[in-house]
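A, B, ... follow the sequence lines: proteins, then strands. Residue 1 opens every chain.
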Amino acid sequence: MEDSEKTNQIVVLLIGPPGSGKSTFSDTVMRSSLRPWSRICQDIINNGEAGTKAQCLKMALSSLKEGNSVFIDRCNLDREQRSEFVKLGGPGIEVHAVVLELPAQVCISRSVKRTGHEGNLQGGRAAAVVNRMLQSKELPKVNEGFSRVMFCYNDADVEIAVNTYIKLGPMDTLPSGCFGEKKSDTKSQPGIMKFFKKASDIIVEKAEEFLPKVGTARLVLVDLSHGSKILSLVKAKASQKNIDSARFFTFVGDITKLRSEGGLHCNVIANATNWRLKPGGGGVNAAIFKAAGPDLETATRVRANTLLPGKAVVVPLPSTCPLHNAEGITHVIHVLGPNMNPNRPDNLNNDYTKGCKTLREAYTSLFEGFLSVVQDQSKFPKRSNQTALSDSGENIKEDSERNKKYKGSQDNAVTNNMESGSLEDTRDSGKKMSKEWSTWALALHTIAMHPERHENIVLEFSDNIVVINDQYPKARKHVLVLARQESLDGLEDVRKENFQLLQEMHNVGLKWVDRFQNEDASLIFRLGYHSVPSMRQLHLHVISQDFDSDSLKNKKHWNSFTSSFFRDSVDVLEEVKSQGKANVASEDLLKGELRCNRCRSAHPNIPKLKSHVRSCRSQFPEHVLQNSRLVARPET
DNA sequence: GTTCTAGAAC
DNA sequence: GTTCTAGAAC
């Protein structure tokens, strides 16, 4: 590394309203950092008084000339305000953004509390100022010119970000890309606000309908975030309809800590789950499964394996479960909403009418599930009916003791996860059109049928399979294992009777992985199928995870191997064995954003993505690490 | 000006 | 699937 070409200075734009902790952030880093920093604070730049943007720019330039990295400590809340600071970047100077997205109330109370603050923004005016600033806020994007953007939503995130910069020595660099951003991008889903409005109407309507039926029980709508649109809409609607706010109310907090942190005594919580009823997804579902531990999964399996949109399933928690003994939760009701995520298979594609219908159904199923719990608890133990709505019903003894202890009533907390639109569903799209194949798409089929005519490209073949190098490899090593059976065009055609063949393809793939790793032990592989292949004839991709190839040129290439459009062979085998066919994902996934296959950071275009991927040494995502989806040699 | 994407043709 | 290229994005 030549020191002539690398100076590695950084301009960090701190982005956040007054009270978000910008000054604290830079001060904390500067106190412990080995790298020379300057803090450029517009509030004090003018001999201790507030100054101008121009003064900040001037001072930033001179600090950079002296060889310092700089913190730009001003609100920087919109793109225009940031643009001139972004231009400070250049050879040897990267521009980063650190976004301090703390709850508005936190920022306001901090601004109010500080007395001699440099910005002189104390007193009651603080709330007005912060709120006004937040209204016109534009979050930064990498394509604004930042080589790195990092989002912080709470103190823990801030601490991580501070440490990231403290640890950064004078010659170190940080991976480029966008980190930590919550994807609640309402702008990218047109009509979503309208849907929120409608959704909140449905929630209130259903709550109103069920309240008289559930005796003294109360219903609570919970959301983690203070800025929750749904929560404020529901609140407004409920008071407008004169619903008893002691019986139905909203609550901001963590649904897995309602008792310990929120002081709310709920027996039953609703979980906005996924169709597989499995942990994960990152939202409330992941949080609830995590808090409940393996008990919840086991108890869930007893009731159901999958769930249709609009349905709910009541799962009693064993007393060993941490959610039960620490938080007093006796039941989790899993409920599946409509699938509005355009990146998911079988989504409703902005069909909000259908979405609302499913949502209404979901709340009906949920409340009926809750009703069955309440009835079981108040009457004699009985099995509730097996309804079309869900596989519910459980024998729970009345617990008057608990009711006394907790001053009466039971709360049913209903979370909401519509804002991320992360719910998915499982329904088959059904009919498969017999596809017309273009001539170019027949190449693999031809080779599979007559491998002996293509000796030059065929690596090996047997009665059942042919192995070839991918003609346009998308990574250092990329081979295809073709099925030789005539009727198998792609993954969608695979059935139980093909299990043996799939197993053989998988084993042959593993054999080639082994060969490649004998040459280079650092190569890491995945084996899998494209959900919807472009070329005819079922083929298994055996591909190293470096994606270091000039043939990888566009978004479709990238996403076809790194999104869930790529179906790992191990999962396909498992699904074919258990369900008789494999799940296939939607082609919409190919249009999704570009994310690193290791650290999942987002990148604005293919060249930037590839340059990031070349140097990213992050561990692979949890999902990929499990179930032998990744084939790697142990590190030596 | 250059870089990058996306759509049509094959 | 790739190649080519117009024009969008930078």
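No engagement by A:Lys555 is indicated, since no non-hydrogen atom pair under 4.0 Å with the nucleic acid exists. Residue contacts for A:Asn143: at a heavy-atom cut-off of 4.0 Å it reaches the sugar-phosphate backbone alone, with no base atom in range. Within 4.0 Å (heavy atoms only), A:His530 reaches sugar-phosphate atoms of the nucleic acid but no base atom. Residue-level contact check: A:Lys474 touches the backbone only, with heavy atoms under 4.0 Å from sugar-phosphate atoms and none from bases.
Between A:His539 and A:His530, the angle of the ring planes goes over 60°, which puts this pair in the perpendicular group of the 30/60° scheme. Ring geometry for A:Phe516 against A:Phe525 counts as parallel: the plane angle stays under 30°, on a 0 to 90° scale with 60° as the upper cut.
For the atom pair OG of A:Ser544 and CZ of A:Arg526, the computed distance is 12.5 Å after rounding to the nearest 0.5 Å. Atoms CG and CG, on A:Leu527 and A:Asn507 in that order, are 10.0 Å from each other to the nearest 0.5 Å.
Taking every heavy atom of residues 596-606 of chain A and every atom of DNA chain B, pairs under 4.0 Å involve A:Asn605, A:Ile606, by number.
Note on residues 57-69 of chain A: pairs passing side chain to side chain donor-acceptor pair (under 3.5 Å), not counting sequence neighbours, are A:Arg35-A:Ser69, A:Ser38-A:Ser63, A:Ser38-A:Asn68.
Chain A approaches DNA chain C over the interval C:dG1 to C:dC10, counting the first and last nucleotide 5' to 3' with an atom under 4.0 Å from its heavy atoms.
Checking A:Arg453 against A:Thr446 by side-chain atom types alone, no donor-acceptor pair falls below 3.5 Å. Side-chain contact annotation: A:Ser522 with A:Asp520, donor-acceptor N/O pair under 3.5 Å present. Between the side chains of A:Tyr165 and A:His96, at least one donor N or O lies within less than 3.5 Å of an accepting N or O.
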